[in-house]
Amino acid sequence: MTSSPASAAFTIAPGERRLALIGVFLCIFLSALDQTIVATALPRIVDQLGHTNLYAWVATSFLLASTVSLPVAGRMADIVSPKYVLIVAAVVFLVGSALSGLSHSMYQLILFRGIQGLGGGAIIAVALTTIGLMFPPRQRGRIQGLFGAVFGIASVVGPYFGGLLTDSFSWRYVFYVNMPFGILALYVLLVHMPRLTSPRHQRFDVPGFATLVVWCVALVLALSWGGSTYAWSSLEVLGLFGVATLGLGAFYFIERRSAAPLFDMSLLHIPTFTWTGLASLCFGAAFLGSVLFIPFYLVMAKNISPLASGLTLTPLVGGTVVGSVSGGFLAQRLGRVKWLLLAGSAWATALFVVLHAILTPVLPVSTLLFYLALLGVGIGPGFSLYVLAVQNVVPPRQMGVASSGNMFFRQMGSAIGAAVMGVVLASTLSTQIPAHLPKSVAVASSQFSASSDSLADQTQTRTAILAKFHTVAREATSALEGSRSAYRTLAHTPGVTAKDLAELPPGGIPAKVHAEVARELTLVRAAVAGRAGAQATVAHSTLPTPIKALAAHPPTSATARAAALAQVEHGLTTAEPGIIRRAEAAAIPVARRGILAAGHRTANEVVHAITVSITAAVKNVLGVAAMLTAAALVLGSLIPNLELRHATDADGMDRAPGAALGP
């Protein structure tokens, strides 16, 4: 009897298997590094390219594209040698990385991240398939635990290098850094990786692929735009849900009747595949909530640099490595995965609830890091054991489509989760920021508002607001010195009220002093003319004593009075410039200090409003993540508790004794 392809794969020479595994792990490292290295650079990217409302789409486009490519790559790995599929995936990923680094707008970046996602999703799908073909089920727990470790190592160094490159050079280098790793991975794949399987001449399911793209893209767009860009009841959102529903129905219809389906619907009759897929969907969405939005909270609310925020993710991914490796080794030792998955889901749910409860603007970073490390331990087992459970119950001929199918559920969950959590973030900010902004923020409203497309970090926000107030102070100084154009500018400046303008008449201090001198001359003329009321007013004024004496005892002759008044007018007119200088010297510093003090108060109040609002938004995201892990716990309880086999059965099926595949 001839051996199956899977059996042949299990007898690969140890040296060849190690080299092949190195190539696979290099590809996994490449894909995982990109996901974490970009996460820490996102706040700086948004700050430079704008459009905070598109923040989540930088990740969503990658996840959506990788989700679509997963079943395609898995199916191609069953038809063509996984080696060549993996090489093509790595090349596509590197092209997307280079283009992402060259982006000049958020829309370009989102598009090029989608190209990256096509390669990244294919890398993960084919890597998992390769592990399934090279190792028997009982050994896969250990190897896939190492898979989680490689993913975790990339996750540890990714945030550090992402922050380092962003702070030291530019966020663009977080994409360029993929190139040397990608070239090394391509070399190992080309030179050392075996074919593993023989090509099978089957047609590619083009209609299935087209309908898959339609319903996946429509669904994620509807979830992303609903409640933010458009109302949930809008024609745009309802139309997208309708397209997603029709596309999913068409996809199901086509796949049921296809001779070589992109996604084998018979897998849905296997309880292990169905329940692990749904649990993976919830798991993927929940994990993204911690990886994508925790750095946003740290940079925007805690005023931590991108480099430092990347380092603060180290406890999370470190805990994830511990959970993944421990889960893999325990699965190999115990021979079962169900209770390990349930324990991890319960632990992660509890930690998400705790983080939701304790997250405040003043939460010590050390406390947050401690709980993130504990959270990682609960998340870790899900990285390897869901796929292991699926590979344990499918024949080798379906290894690619089954492995990629489970990853499809996880990635679809991540894409949906990123979109939904992005909506939660945006909707919370749109309500929280106006509620917390001070009334005095109007002067800075051109820099920041609740509907602004960009949020800067605390230092940049404070600097921008103070710059606005410095501009106001400069215009006020010019207006006080008599500039009418500066006065008109102030009259149209947000936050400068009619009361403020009433204290600053057109013409400034020179006009005010001139008007005062003219009033005093009129008063002196009336007093010299003998009007008692005017004489009394002059007597109690601040005019010089000789003028008061003249007003009290004016000359009797008209000629003498005219000469005396001319002398008074000349004296006051001559003294007017000096009066103006003294008045400006007294008034302008006081006005500038008052305006700048108001600027500092406003900056503090705005920063506080942003901090409180972002904290509330991330709290809501963590609450959603807790609900998702709780759903994964419930769904995981329905997974059959099957034993992991030491090797394949004679027919190539990885089946536990007495275990039925169907319902």
Fill in: Residues F253, T211; criterion side chain to side chain contact (heavy atoms under 4.5 Å, CB included); working and verdict
CA-CA 10 Å; F253 179 82; T211 51; over 6 Å; no
Item to complete: Kindly compute the distance separating NZ (K302) from OH (Y297), expressed to the nearest 0.5 Å.
Response: 4.5 Å
Practice prompt. Mind listing the closest non-hydrogen atom pair of G327 and L340 along with its distance?
Written response: O-CD1, 3.7 Å
Worksheet item: Does any non-hydrogen side-chain atom of L363 lie less than 4.5 Å from one of T360?
Response: yes
Name every donor-acceptor pair, under 3.5 Å, that has one atom in a side chain of residues 612-635 and the other anywhere in the protein, sequence neighbours excluded.
residue, atom, partner, partner atom, Å
S613, OG, Q432, O, 3.4
S613, OG, I433, N, 3.3
S613, OG, A609, O, 2.7
T615, OG1, T611, O, 2.8
K619, NZ, H356, O, 2.3
N620, ND2, T428, OG1, 3.1
T629, OG1, T349, OG1, 2.9
T629, OG1, A625, O, 3.2
T629, OG1, A626, O, 3.0

Worksheet, complete the sentence: CE of M265 to CD1 of I254, rounded to nearest 0.5 Å, is 10.0 Å
Discussion item. Using only atom types and a distance under 3.5 Å, with no angle test, would you say the side chain of R410 pairs donor to acceptor with the backbone of G284?
Written reply: no
Practice prompt. Enter the distance from L429:CG to I610:CD1 here, rounded to the nearest 0.5 Å.
Written response: 9.5 Å
Item to complete: Would you name the heavy atoms of L642 and R336 that are closest together and state the gap between them?
Response: C-NH1, 3.4 Å
Discussion item. Nearest 0.5 angstrom please: T274 OG1 to L267 CG, how far?
Written reply: 8.5 Å
Item to complete: Tell me, with the steps shown, if V337 and Y386 meet side chain to side chain contact (heavy atoms under 4.5 Å, CB included).
Response: CA-CA 8 Å; V337 301; Y386 282 120; over 6 Å; no
Practice prompt. Mind checking side chain to side chain contact (heavy atoms under 4.5 Å, CB included) for L638 and listing every partner two or more places apart, or none if nothing turns up?
Written response: W275
Discussion item. Quick one, L248 and Y252 - any side-chain contact, counting heavy atoms below 4.5 Å?
Written reply: no
Worksheet item: How long is the span from the CZ atom in F273 to the OG atom in S266, to the nearest 0.5 Å?
Response: 9.0 Å
Discussion item. Looking at every heavy atom in both L49 and L109, which two are closest together, and how far apart are they?
Written reply: CD1-CD2, 4.3 Å
Practice prompt. Could you check whether the rings of W171 and F175 sit parallel, tilted or perpendicular, using 30° and 60° as the cut-offs?
Written response: perpendicular
Fill in: Any side-chain heavy-atom pair of F408 and L212 under 4.5 Å
yes
Worksheet item: When rounded to the nearest 0.5 angstrom, what distance separates CH2 in W347 from CD1 in I379?
Response: 12.5 Å
Worksheet item: Does G323 offer a backbone N or O that forms a donor-acceptor pair with the side chain of S326 under 3.5 Å?
Response: no
Fill in: Sidechain-backbone polar pair: K338 side chain, G636 backbone, donor-acceptor under 3.5 Å
no
Response to the item:
For A218 and A244 the tightest heavy-atom approach is CB-N, 3.8 Å
Item to complete: Identify the heavy atoms of A389 and T276 that sit nearest to each other, and give their distance.
Response: CB-CG2, 4.1 Å
Item to complete: Show your working on side chain to side chain contact (heavy atoms under 4.5 Å, CB included) between I294 and L316 and close with a plain yes or no.
Response: CA-CA 10 Å; I294 289 296; L316 172 65; 6.0 Å; no
Which donor-acceptor pairs under 3.5 Å do side chains of residues 111-125 form with protein atoms, sequence neighbours excluded?
residue, atom, partner, partner atom, Å
R113, NE, V58, O, 3.2
R113, NH1, D34, OD2, 2.6
R113, NH1, Q116, OE1, 3.0
Q116, NE2, D34, OD1, 2.8
Q116, NE2, S97, OG, 2.8

Worksheet item: Tell me, do L388 and L385 make a side-chain contact under 4.5 Å, heavy atoms counted?
Response: yes
Worksheet entry | Whether F251 and W215 hold their rings parallel, tilted or perpendicular, with breakpoints at 30° and 60° | tilted
Item to complete: Keeping the roles fixed (side chain from E255, backbone from F263), state whether a donor-acceptor pair exists under 3.5 Å.
Response: yes
Discussion item. Go through it in stages, so that I can follow the logic: the residues are I639 and W339, the test is side chain to side chain contact (heavy atoms under 4.5 Å, CB included), and I'd like the CA-CA distance, side-chain angles, deciding distance and then a yes or no.
Written reply: CA-CA 10 Å; I639 299 173; W339 293 108; over 6 Å; no
Discussion item. Using side-chain heavy atoms (C-beta onward) and a distance below 4.5 Å, is L368 in contact with L298?
Written reply: yes
